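Shown next, in structure tokens, is the structure this report addresses.
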Amino acid sequence: MDTVDGDGWCGIAQIGYLIDADRNGVYETHRHVRSTETDCNPPFGDQSGWYKSNYPITQLSGRSCIGYSDGTAYACDSWR
């Protein structure tokens with residue numbers, strides 16, 4: 001949680017994953033990344049905390065970042 005209001009920084013949660021766009025068991029080699037939540041507008045954040053994939057996914061991982069209110073990350077932890 002970002003504990004300082006009005007400083008221009010936000011806490012961001014990101015997810016990353018690979019998709020099988022052709023549904024043939026072959027996953028893309030580039031990671032899709034989504035910023036799922038920011039805490040710029042406490043107490044509930046200002047972006048969706050839920051995502052649904054239209055394709056099979058694999059290698060789902062997450063990380064925490066600091067960034068801007070539009071969900072753009074500035075600095076992040078390692079993927080886990």
Side-chain angles (χ1 to χ4, degrees):
M1 181 171 72
D2 185 2
T3 58
V4 179
D5 289 336
D7 66 353
W9 294 107
C10 303
I12 299 172
Q14 285 189 335
I15 58 171
Y17 51 91
L18 302 178
I19 68 169
D20 175 3
D22 295 325
R23 299 178 192 274
N24 61 2
V26 178
Y27 289 88
E28 295 179 352
T29 57
H30 72 278
R31 177 182 296 274
H32 291 254
V33 176
R34 301 289 180 264
S35 294
T36 61
E37 185 72 29
T38 73
D39 72 346
C40 293
N41 296 314
F44 301 111
D46 61 358
Q47 293 186 3
S48 172
W50 297 94
Y51 274 85
K52 177 185 173 199
S53 176
N54 294 321
Y55 305 101
I57 64 169
T58 190
Q59 297 184 20
L60 177 65
S61 55
R63 66 184 180 176
S64 60
C65 306
I66 190 166
Y68 308 99
S69 60
D70 67 356
T72 303
Y74 173 74
C76 299
D77 286 336
S78 299
W79 289 104
R80 297 174 191 237

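Position 1 is the first residue of the sequence, and the numbers go up from there. Since the model is a prediction, treat every value here as computed from it, not as a measurement. All heavy atoms count here, side chains included; hydrogens, waters and symmetry mates do not.
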Minimum heavy-atom distance I15-L60, with the two atoms named
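Scanning both residues completely, I find the closest heavy atoms to be CB-CD1, 4.3 Å.
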Where is the tightest heavy-atom contact between Q14 and W79, given as atom of each residue plus distance?
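Heavy atoms of Q14 and W79 come nearest at O-CZ3, 4.0 Å.
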Under the side-chain contact (heavy atoms from CB on, under 4.5 Å) test, residues paired with S78 that sit two or more places apart
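Partners of S78 under the side-chain contact (heavy atoms from CB on, under 4.5 Å) test: none.
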Not counting sequence neighbours, which residues clear side-chain contact (heavy atoms from CB on, under 4.5 Å) with E28? List them please.
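Listed in chain order: I19, A21, H30, H32.
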So if I apply the side-chain contact (heavy atoms from CB on, under 4.5 Å) rule between I12 and each of S64, C76, S35, which one comes out positive?
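Going through S64, C76, S35 one by one, the side-chain contact (heavy atoms from CB on, under 4.5 Å) with I12 is satisfied by S35 alone.
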Does R80 reach the side chain of S61, with side-chain heavy atoms less than 4.5 Å apart?
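The answer is no, as the side chains (C-beta and beyond) never meet within the 4.5 Å cut-off.
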Is any side-chain heavy atom of Y27 closer than 4.5 Å to a side-chain heavy atom of Q59?
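Answer no - side chains too far apart.
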Is it true that L18 and Y55 fall in one hydrophobic cluster, defined by side-chain heavy atoms closer than 4.5 Å?
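Per the 4.5 Å side-chain linkage, L18 and Y55 are not co-clustered.
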Spacing of SG belonging to C65 relative to CG belonging to D77, to within rounding of 0.5 Å:
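Answer for the SG-CG pair, C65 versus D77, is 7.5 Å.
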